Amino acid sequence: KRVHAGNVFRISIAEKQIISQQRAYEKLQSGDCAYTLFTPAVSATIDNCYLAYMANSSQGYYLPVWVFSCTATLEDGTTAAFDIYVEAMR
């Protein structure tokens with residue numbers, strides 16, 4: 001919720017507990033995630049993992065997510081970068 005006070009906008013922030021990086025990895029392994037790779041791959045590696053906040057424009061707030069930055073080896077032998085998103089709220 002935004003509150004306008006002069007030239008300053010104040011944004012209410014709710015404190016939420018988030019899952020651990022390990023728990024996020026377990027959710028990824030079970031398929032409880034979203035990803036940006038839409039080409040068949042033969043393998044993939046995780047290169048990085050970090051916490052981010054994605055805008056939920058339909059509801060007007062940000063959702064904490066674990067982002068796994070990955071590299072896939074495609075069926076034709078080329079590689080492609082992609083991300084996997086796991087909801088971070090408990």
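This is a predicted model, so every value here is computed, not measured. Note: hydrogens, waters and symmetry copies are ignored here, and every other heavy atom, side chains too, is used.
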Query raised in the report: Taking C-beta and beyond as the side chain, do Ser69 and Tyr50 meet within less than 4.5 Å on heavy atoms?
Result: yes

Report task. Treat each ILVMFWY residue as a node, draw an edge where side-chain heavy atoms are under 4.5 Å apart, and state whether Ile18 and Tyr62 are in one component. Result -> yes

Query - Cluster link Tyr61 to Tyr53, ILVMFWY, side chain under 4.5 Å - result: no

Report summary line: The complete set of salt bridge (charged side-chain N to carboxylate O under 4.0 Å, His left out) pairs with one or both residues in residues 70-90, sequence neighbours excluded, reads none

Query - Spacing of Asp47 atom CG and Phe82 atom CZ [to the nearest 0.5 Å] - result: 9.0 Å

**Report entry** Closest approach of Leu51 to Val65 (non-hydrogen atoms, all atoms of both residues)
**Finding:** CD1-O, 3.3 Å

**Report entry** Joint hydrophobic cluster, Ile84 plus Leu74, side-chain heavy atoms closer than 4.5 Å
**Finding:** yes

Query raised in the report: Between Trp66 (side chain) and Ile19 (backbone), is there a donor-acceptor pair under 3.5 Å?
Result: yes

Query raised in the report: Linking I/L/V/M/F/W/Y whenever their side-chain heavy atoms sit closer than 4.5 Å, directly or via other members, would Met54 and Val86 fall into one cluster?
Result: no

Report task. Determine, using the 4.5 Å side-chain heavy-atom cutoff (strictly less than), whether Val67 and Leu28 are members of one ILVMFWY cluster. Result -> no

**Report entry** With Gln21 via side-chain hydrogen bond (donor to acceptor under 3.5 Å, both in side chains) - residues at least two apart
**Finding:** none

Query raised in the report: side-chain hydrogen bond (donor to acceptor under 3.5 Å, both in side chains): which pairs involve residues 29-39, sequence neighbours left out?
Result: Tyr25-Gln29

